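Chain letters run A, B, ... following the sequence lines, proteins first, then strands; residues in each count from 1. Bear in mind the structure is a predicted one, so any value in this text is a computation, not a measurement.
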2 protein chains.
Amino acid sequence: MAPPTKAPERGRRAKRPTGDEREQLIRETLESLLESKSFHEISIDDLAKGAGISRPTFYFYFESKEAVLLSLLDTIVSQADAASDAAQAALDQNPARFLRDALTAYFHYFGAHRAVSVAGTEAGAGNPKVRTLWNQVRERWVAAATAGIEAERARGAAPEGLPARDLAIALINMNEGVLFSAFAGEQPAIAEDHVVDVLIDIWLKAIYGGNPPEPAQT
Amino acid sequence: MAPPTKAPERGRRAKRPTGDEREQLIRETLESLLESKSFHEISIDDLAKGAGISRPTFYFYFESKEAVLLSLLDTIVSQADAASDAAQAALDQNPARFLRDALTAYFHYFGAHRAVSVAGTEAGAGNPKVRTLWNQVRERWVAAATAGIEAERARGAAPEGLPARDLAIALINMNEGVLFSAFAGEQPAIAEDHVVDVLIDIWLKAIYGGNPPEPAQT
DNA sequence: GACAAACTCGACACTGTGTTGATAATATGG
DNA sequence: CCATATTATCAACACAGTGTCGAGTTTGTC
């Protein structure tokens, strides 16, 4: 938001890293510590040390460690959303294909930062702000899925049945639980190379019943 | 395990509550505090105060607040499992009916202690012991569902398709996410009076495709 | 080269945890 | 009915982490 501090002058080494560099360093420290410890085992002092600053200085940049996590999650969510939006625009007429692309995008971006994702669900349990972020993300996905289901019903490709929003909520919850349990690597979980296929199969059966959707017109 | 302390003699009021009563009192204190605060906002001192003892004395009974929660969860899980087992024995030939009864049982028992259930998922995120308990519970459900799906396929009622265990894992994850988000009462969530119906519909479509199962023989 | 803004941290007060060691209540069995 | 083992209790301590205050130091700007 605020205009970033100017980059250091050419040829003259800055005495101190700029504020933005520090902020980024804190984020990176958290992400890298999360590879080896769980979120609540990481103290603010760990983050400060990792970024080469003292604990009070940490508070100059973030108000809590949850805020750092939130900022990491924000980045991942917007990357995944962007990829999914791109798929949607291109493939509006082939729902099954779109589903696969969108799911693959989420799998890819959250999987690439699995430690952060898993920490997000951990912190979301206890912290209202993190929980609110997750709920907003879920709500966006649910809304998109609901709209998709209603559109397919309207064009006659999918049968009527459960309220579209209820169905969407259930399926989104399934995705979340399945993906994150796969990322967390504890049993029971679906092997990562099947996950997307399993989810898609269930989405299609739940939405279309026995009749797989035809592409609208090729 | 250890034989319980004798009940106080008739007519003679015990100076102190017995150990077992205290233990139970601690459990009740946690459950009642969970109605109004989240698990991590509750301190060991709160539990001790609630049970009328000092903090060190708390450690005589439990080694941590997670242990208290674990003990509450154990109770709920075994109640729900018992109810579900009872349904299974009686209704082996009518799978859809069994599914409804089992799900209703879980909905009922976990819903009756929703604060504890929600705290369980919260604590499970951060605490290995709690997480292990959940995973064992999930594993048991997944195994049961896998066996059920395979049985239905063997008798020709359900079509082949996804590996039965993968399908089971996905559906169990869905149940968990959907039920607990309904209990937690935050959006997006399915209204409590639809939850079981929505879940059953998806289970049936995912397992049987377009062809709803017939009872074996009436 | 002085002034404001951005940034930094030592030192403090506070909250919660887990342990130790001394003490009190109760049960048991000679 | 009293010795003695067991069970139960807690004051006091050492510690780890949090969040804030106020006094300092850079750094950009005019």
Starting at atom [atom1] of [X], determine the distance to atom [atom2] of [N], rounded to an integer number of angstrom.
X	N	atom1	atom2	value
A:F60	D:dT27	CZ	C1'	13 Å
A:F62	D:dG19	CZ	C1'	17 Å
B:Y59	D:dC10	OH	P	15 Å

Pairwise salt bridge (Lys or Arg N to Asp or Glu O under 4.0 Å) hits with a residue in [range], at least two apart:
range	answer
residues 167-189 of chain B	A:R131-B:E186, B:R138-B:E176
residues 31-40 of chain A	A:K37-A:D46
residues 78-90 of chain A	A:D81-A:R140
residues 50-75 of chain A	A:E63-A:K129

Legend entry - Members of residues 33-49 of chain B that approach DNA chain C, where some heavy atom sits under 4.0 Å away: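 Residues of residues 33-49 of chain B that come under 4.0 Å of DNA chain C are, in numerical order, B:S43, B:I44.
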Legend entry - Stretch residues 64-73 of chain A: residues that reach within less than 4.0 Å of DNA chain C through a heavy atom: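 Per residue number, the list is empty: none.
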List in chain and number order the residues that pass salt bridge (Lys or Arg N to Asp or Glu O under 4.0 Å) with [X], two or more places apart in sequence or in another chain; answer none if no residue qualifies.
X	answer
B:E150	none
B:E28	none
B:E192	B:R114

Legend entry - Sequence-distant partners of A:I172, side chain to side chain contact (heavy atoms under 4.5 Å, CB included), two or more places apart: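 A:W141, A:V142, A:W203.
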Inset, instruction - First locate atom CG of A:L34, then atom OG of A:S117, and finally report the distance between them rounded to the nearest 0.5 Å. - result: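 That separation rounds to 10.0 Å.
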Inset, instruction - For B:S71, check side-chain hydrogen bond (donor to acceptor under 3.5 Å, both in side chains) against everything at least two apart and list the hits. - result: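 B:S71 satisfies side-chain hydrogen bond (donor to acceptor under 3.5 Å, both in side chains) with B:R27 once adjacent residues are dropped.
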Listing time: all N or O pairs from protein to nucleotides 9-12 of chain C that are below 3.5 Å?
from  : atom 1 : to    : atom 2 : distance (Å)
C:dC9 : OP2    : A:S54 : N      : 2.9
C:dC9 : OP2    : A:S54 : OG     : 3.3
C:dC9 : OP2    : A:T57 : OG1    : 3.0

